[in-house]
Amino acid sequence: MPDERRSPSTARNAFRSNSEKSLKVVPITVSWEHITVKAENGREILQNVNGFTKPGQLMALMGASGAGKTTLLNTLMARNLRGLEHSGNIRVNGIDMGKDISRVSGFAQQEELFIGTLTVHEYLLIQAKLRIDEDSVVRKERVDEVMVQLGLVKCQNSRIGVVGVKKGISGGEARRLTFACEMLSNPSLLFADEPTSGLDSFMAENVVQLLRTFAANGRTIICTIHQPASQLYQMFDSVMYMANGRTAFLGSPEDSITFFEKSGHVVPPKFNPSEYIISVLAVVPGEEAECKKRIDKIVEAFESSDHGQKVNDYLSSLEIGEAPQWLSRVGFTSQITALAERCFLDIMRNPGVARAKFTQKCVMGLFIGLLYLQTEYTPHGIQNINGALFFVVCELTFSTMAGIMTFLNIEFPLVAREYHDGLYNLASYYIARIVSYMPLFSSDGLCMILISYWLIGLSSTFQQVLWMILVAVLTEQAASSCGIALSCICPSVPITVASSGPILILFMLVGGFYGTTSSMPIFIQWIQYTSWNRLAYEALMINQWSRLDDAHGGKNWTVQNRDAILHRHGFEAWMFFFDLGGLATIAIVLYFIGFVALLFRIRRAR
Ligand SMILES: Nc1ncnc2c1ncn2[C@@H]1O[C@H](COP(=O)(O)OP(=O)(O)OP(=O)(O)O)[C@@H](O)[C@H]1O
């Protein structure tokens, strides 16, 4: 564990030695042999694909659309293979790593996913907390170093932004930020999916140049790429052309031009070589048979060529080398702290949600208070007070659930990615997210209660006010846990919202206000104990009617008065602590159900 008590200078000295140690690059050779991938319908997406790449090399996987580049990249990384049957050997320094390949490699994905409310610097610092098991001085220095390396210093204090919602950093900066995150843990092996897509030619060159620099430091880099411009083509150390799920060529960019020339496909003068080669390897709609015949001929020519032979010779003479270095990961509590910090920052940068919740609760508090203003304790008034208490419970429930139902679905893609990258344990994320939401989803209800309590004229001994606050917090937690569980179970926000309606109505119906709970049919009575409306309403009623303050005739109030009111709703005074325990149990059980649902869902997302 990092020793946070070290003085900055000692820590900085430690960084020098650590940085040398941590920035050591272990030479990595990746080889793949007889890779075959089949879709569920039996279609072969990859057929007996072989290849390798060595340390210090930048390799480009190329081919026409649908050639199998992404499938090969995913197979090499053991990712996104759900529904596909795959076989063959993938080795890292001659060692079969299986799914653990993600523990020794970085993966810069095409789709950029960040927390858009954070600045570049904040985002990288939190990524460093999740990726570097060192003290804060070391992490900060590594972040500074990576920002310089990736040219992010200029935009370090800019908000990242959300595409289509809030303008932030440029596309090129976002792409470099993706690489920066991966480079924090200094991987010796880096995969990149379409690193130049969506960038102009200048930015694309900039990114490929960056990859070249990473490779020049001894790293092994494999990326898929769509038709690189002529000046970029020569920047790759090796290129692998895929065609119809097979290897059409593997070798240097210059050799690719000669090979295709020899196969009868001379790159026309002033033509981009990769563009021409890809057009030769494409399956054109309407000319499928002809194109497939041409591809078969090229694939056979490659297999019998020196280039094809070189691949086979290399694979057959492959020996086990040095074990790759596992990327460092931080402990459970450090993960929770880093993720909670990220969530808090995100919530604070979105003050609109908090403002809307507090405003709504203040308005509702005033509304309930004025509707039942200084209710008299007559039989009719008592009935009104009971109505007000039920209204309070419903209000604590509805807006809380509605507010939290976006809990997961918006950030699920980012969480799924980070989880599968091995950045954190799912429990860390879940705990951090719940803890970060708790203050907001526990305190807004208090505003409503504190505003309406004295306006209605509820009995307000100190003890009663405290109990009411506790009941409100527990009710909001029960409703939050239900919203979170639903958002983890349902695949989208609209489905979450749609499924919450019947649950809320059912819980309200058995809440004790619309009918006596004891008179429900016996086979359905148990449902009331799963309803926080019922438990909270009973607790608030017991709290209100067990004693009255002097201003409301407390001296003449008797147990018989209390029981007469409670029994009309099927409630019992001894149930108070059972109700509090019930509310807490509902919250715990629903949080747990949410976690299990999230675990299933995230595992399926690999
Ligand atoms: N899970 C899957 N189930 C069925 N077919 C699939 C699956 N994944 C990929 N394919 C098919 O396999 C072929 C190769 O897809 P892949 O995404 O690897 O191609 P690509 O070369 O990366 O194409 P592009 O450049 O357009 O991204 C395509 O025809 C695609 O439809």
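Ligands are counted one by one from 1 in listed order, and the atoms in each one are counted from 1 as well. Any value given below was found using the heavy atoms of this structure, including those in side chains, with hydrogens, waters and symmetry copies removed. Along the sequence shown, residues carry numbers from 1.
- Relative to the ring axis of Tyr437, Arg433 places its NZ or CZ within 45° and under 6.0 Å from the centre.
- One finds no salt bridge joining Glu290 and Lys293 here, because no Lys/Arg side-chain nitrogen approaches an Asp/Glu carboxylate oxygen to under 4.0 Å.
- Scored by the ring-ring contact (aromatic ring centres under 6.0 Å, His included) test, Tyr591 finds no partners at all (sequence neighbours excluded).
- Of the residues Ile484, Leu486, Ile434, the one that meets the side chain to side chain contact (heavy atoms under 4.5 Å, CB included) test with Ile404 is Ile484.
- Residue pairs meeting the salt bridge (Lys or Arg N to Asp or Glu O under 4.0 Å) criterion with at least one member in residues 209-235, sequence neighbours excluded: Arg212-Asp237.
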Acceptor/donor pairs from residues 41-68 side chains to any protein atom, 3.5 angstrom cut, sequence neighbours excluded:
from  : atom 1 : to    : atom 2 : distance (Å)
Asn41 : OD1    : Arg43 : N      : 3.0
Asn48 : OD1    : His34 : ND1    : 2.8
Asn50 : OD1    : His34 : N      : 2.6
Thr53 : OG1    : Gln57 : OE1    : 3.2
Gln57 : OE1    : Lys54 : N      : 3.2

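- Pocket lining of ligand 1, defined as residues with a non-hydrogen atom under 4.0 Å away: Ala39, Arg43, Ile45, Ala64, Ser65, Gly66, Ala67, Gly68, Lys69, Thr70, Thr71, Leu84, His226.
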